[in-house]
Novice: 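Sharing a structure here in structure tokens format.
Note that the numbering runs from 1 along the sequence shown for the chain.
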Amino acid sequence: MKQCVHGMIYLAVLVAFAACDAPPVPLDDIVIEKTFVPEQCVRAVKVGDYVRYHYNGMFPDGKKFDSSYDRSSTYNVYVGKKQLIEGMDRALVGMCVNERRLVKIPPQLAYGKEGYGDVIPSDAILHFDVLLLDVWNPDDVVQMKTYYTPENCSRKVEVSDYVRYHYNGTLLDGTLFDSSHTRMRTYDTYVGIGWLIAGMDQGLLGMCVGEKRIITMPPSLGYGSNGDGSDIPQQASLVFDVVLLDLHNPKDGVSIINQDIPQPCHRKSVAGDFIRYHYNGSLLDGTFFDSSYSRNRTYDTYVGKGYVIGGMDEGLIGVCIGEKRRIIIPPHLGYGEEGTGTKIPGSAVLVFDIHIIDFHNPSDTVVITTNYKPVVCETLAKKGDFVKYHYNASLMDGSFIDSTYNYGKTYNIVLGANQVVPGMEEGLKEMCVGERRHLVIPPHLGYGERGVDGEVPASAVLIFDIEMIEMEAGLPDGYMFIWNEDVSADLFTEMDADKDLQVLASEFSDYILRQVNEGKGRLAPGFDSYRIIENMFSNQDRNGDGKITEDEFKLKADETTHDEL
């Protein structure tokens, strides 16, 4: 008896199953117990909505008479349009997606006295355990909710744009049916021209690169009454969580954003120039793919000749040395539909932040600017002169190379003797003592394509600020020794100190040095005196036996093939 009473009380508080064999208490109306309510309920069922739900149908004693689970198919129907028994039509109103209800329906709101064939007897109370999976209305449109907006949005998706995006696709109940993330590859497509389901075509419009939004669409704008045949059921609402990574239009050209233009800018790059620049390369969403800085070496190339991708070829024209600019390159001017296979995806917009270090043209000559010239400037440096000068050397971007001031002594050379780079030879010509010049030397007149390891980069333009400190006139071209007065008529005899009719190397050297010390003769300045004299002796020693005879001895004026006396 206690058990029966307890069972009656249990039934009275709306528990699904009877606790004893006593007849069930008659119901006057439906009874709803919410067995699970989701934390968020974006939308509740209204009359006229279309719903998809699973259910188990039972009698009060717990015996099952029907189940959508057994058919592996949801029950799909309009609510409030008499397509359901009246009790279920009313019980579904107000439900949220993923909500679960235990619904008890009296016979008069179910199958009444007639029942339903052999399945449901007359005057049967029905219990339904219902799980709502989807709800939409024929009037629904695409809903878009942005939950992240980037700070900068210079451009938004328009019809005919080409986009790259990642997405997670779920049903309204959260069931995942697809994801680009799991494939580790973006979805790439045109927008607004029918390449996508209608809801996505609409939902992507107006997005910025980097934006994240939820796009919810009814089945009429998704896969409709047929679904996709596998993962997406019939008449299913779809939810896409989208992040836009890239955006361009086939009509796009190169975009250039000038970030820093130095002043003054004496010259801008033109097609055919050879340019050295640093860069950081990234995708439009900021994903890094390459940098010259990481290699600690500039990228060096000709521009306007097809040596680099089309967009970079175009973007490097018209730059100043020292300029920093951003170059945005659409894929058809970058790496196209294929990308590079690893770092750069197919159809990717590229962003290059570049810094121009220097550029030159193979036809460039030394640019000489005189910063100071003394009032008296008559003796000008020429080939063969021995000059002493100070210099400060740097690259076009100001990077220090070297300075004679650091060593406290001048740099000394003989002009025309190939002791410095050709550009410096050119820059020193016709200078006078005290004069100061600024030289810009292109690499083909400097250290060329190889540079100087650890000091001068390959193909670098050089800057020299020079000051002429001293100058000693050189000898006429082709001479290493000249007489300051008339040559002795008995020169050989004077050299032959021991009068043995032959001049040894020591006799020759002693004699020449004595003439120089007495001011009667002069050696070419800037060279090792002993090397010059040794060379002079060799030229006179015709047979190479280590001594000069009178027959071998000749003056410069007597022949045209030697540089001796």
Novice: What is the ring orientation for Phe274 with His360, classed by angle as parallel under 30°, tilted 30 to 60°, or perpendicular over 60°?
Specialist: tilted
Novice: Output the distance between atom CG (Asp129) and atom CE (Met58), rounded to the nearest 0.5 Å.
Specialist: 5.5 Å
Novice: For the backbone of Val461 and the side chain of Asp358, can you confirm whether one donor and one acceptor N or O come within less than 3.5 Å of each other?
Specialist: yes
Novice: Any idea which heavy atoms bring Leu238 and Phe240 closest together, and the distance?
Specialist: CB-CE1, 3.8 Å
Novice: CG of Asp123 to CD of Glu114: how many Å apart, nearest 0.5 Å?
Specialist: 10.5 Å
Novice: To the nearest 0.5 Å, what is the distance between CG on Leu131 and NE2 on His54?
Specialist: 7.5 Å
Novice: Just so I know, are the side chains of Leu284 and Val351 near enough to count as touching, which here means a heavy-atom distance under 4.5 Å?
Specialist: yes
Novice: Is there a side chain to side chain contact (heavy atoms under 4.5 Å, CB included) between Val77 and Met88? Walk through the geometry before answering.
Specialist: CA-CA 11 Å; Val77 69; Met88 186 62 78; over 6 Å; no
Novice: Could you tell me whether a side-chain N or O of Arg90 sits under 3.5 Å from a main-chain N or O of Ile30, the two making a donor and an acceptor?
Specialist: no
Novice: Please step through salt bridge (Lys or Arg N to Asp or Glu O under 4.0 Å) for the pair Arg183 and Asp178, ending with a clear verdict.
Specialist: CA-CA 9 Å; Arg183 294 190 295 274; Asp178 192 17; 2.7 Å; yes
Novice: Are the side chains of Val303 and Val308 in touch, meaning some heavy atoms are under 4.5 Å apart?
Specialist: no
Novice: Starting at CG of Asn249, measure out to CG of Leu247 and round the result to the nearest 0.5 Å.
Specialist: 8.5 Å
Novice: Just checking Asp260: does its CG atom have more than 12 heavy atoms from other residues, nucleotides or ligands closer to it than 6.0 angstrom?
Specialist: yes
Novice: For residues 443-456, please give each side-chain donor-acceptor pair under 3.5 Å, one per line with the distance, not counting sequence neighbours.
Specialist:
| from | atom 1 | to | atom 2 | distance (Å) |
| --- | --- | --- | --- | --- |
| His444 | NE2 | Pro362 | O | 3.4 |
| His444 | NE2 | Asp364 | O | 2.9 |

Novice: Look at atom CD of Gln263 and say whether more than 12 heavy atoms of other residues, nucleotides or ligands are closer to it than 6.0 Å.
Specialist: yes
Novice: Counting only heavy atoms from other residues, nucleotides and ligands, does the tally under 6.0 Å from CD of Gln259 exceed 12?
Specialist: yes
Novice: Does the Arg267 side chain pair with the main chain of Phe359, one donor and one acceptor, at a distance under 3.5 Å?
Specialist: no
Novice: Nearest 0.5 Å please: distance from the CG atom of Asp273 over to the CD1 atom of Ile317.
Specialist: 7.0 Å
Novice: Which residue is it: Tyr335, Phe352, Tyr279? I am looking for the one with a ring-ring contact (aromatic ring centres under 6.0 Å, His included) to Phe289.
Specialist: Phe352
Novice: Could you check Val239, Val42, Val141, Leu221 and say which one makes a side-chain contact (heavy atoms from CB on, under 4.5 Å) with Thr216?
Specialist: Val239
Novice: Taking Gln83 for its side chain and Tyr78 for its backbone only, find out whether a donor-acceptor pair lies under 3.5 Å.
Specialist: yes
Novice: Can a salt bridge be assigned to the pair Asp66 and Arg71 using a cut-off of 4.0 Å between side-chain N and carboxylate O?
Specialist: yes
Novice: Taking atom CG of Asp28 and atom CD of Gln108, what is their separation to the nearest 0.5 Å?
Specialist: 7.0 Å
Novice: Mark yes when over 12 heavy atoms from residues, nucleotides or ligands other than Tyr162 sit less than 6.0 Å from its OH; otherwise mark no.
Specialist: yes
Novice: Under a 3.5 Å distance rule, please check whether Asp89 uses its side chain to pair with a backbone N or O of Lys82 as donor and acceptor.
Specialist: yes
Novice: Determine whether Ile357 and Met396 make a side-chain contact, defined as any pair of heavy atoms from C-beta on separated by less than 4.5 Å.
Specialist: no
Novice: If only atom types and distance count, is the side chain of Asn98 paired as donor or acceptor with the main-chain N or O of Asp173 below 3.5 Å?
Specialist: yes
Novice: Do Asp241 and Lys212 sit within salt-bridge range, that is, some charged N less than 4.0 Å from a carboxylate O?
Specialist: no
Novice: With a 3.5 Å distance limit and no angle check, can you tell me whether Ser180 reaches the backbone of Tyr167 through a side-chain donor-acceptor pair?
Specialist: yes
Novice: Does Gln235 offer a backbone N or O that forms a donor-acceptor pair with the side chain of Trp136 under 3.5 Å?
Specialist: yes
Novice: Between Ser237 and Pro218, which heavy-atom pair has the shortest distance, and what is it?
Specialist: OG-CA, 4.3 Å
Novice: State, to 0.1 Å, how close Val31 and Leu27 come at their nearest heavy-atom pair, and which atoms those are.
Specialist: CG2-CD2, 4.1 Å
Novice: When you look at CZ of Arg100, are more than 12 heavy atoms from neighbouring residues, nucleotides or ligands closer to it than 6.0 Å?
Specialist: no
Novice: Please list every donor-acceptor pair under 3.5 Å in which a side-chain atom of residues 186-194 meets a protein atom from a residue at least two apart or in another chain.
Specialist:
| from | atom 1 | to | atom 2 | distance (Å) |
| --- | --- | --- | --- | --- |
| Thr186 | OG1 | Arg164 | NH1 | 3.3 |
| Thr186 | OG1 | Asp188 | OD1 | 2.6 |

Novice: Taking all non-hydrogen atoms of both residues into account, name the closest pair between Gln202 and Val142 and its distance.
Specialist: OE1-CG2, 3.6 Å
Novice: In terms of ring plane angle, is the pair Tyr302 and Tyr307 parallel, tilted or perpendicular, where the classes change at 30° and 60°?
Specialist: perpendicular
Novice: How close do Ile125 and Pro107 get, heavy atom to heavy atom, and via which atoms?
Specialist: CG1-CD, 3.9 Å
Novice: Quick one, Arg43 and Asp49 - any side-chain contact, counting heavy atoms below 4.5 Å?
Specialist: yes
Novice: State yes or no: are the ring centers of His355 and His278 separated by less than 6.0 Å?
Specialist: no
Novice: Can you tell me if Asn56 uses its side chain to pair, donor with acceptor, with the backbone of Ser67 under 3.5 Å?
Specialist: no
Novice: If we ignore hydrogens and angles and just use 3.5 Å, is the side chain of Asp246 paired with the main-chain N or O of Val349 as donor and acceptor?
Specialist: yes
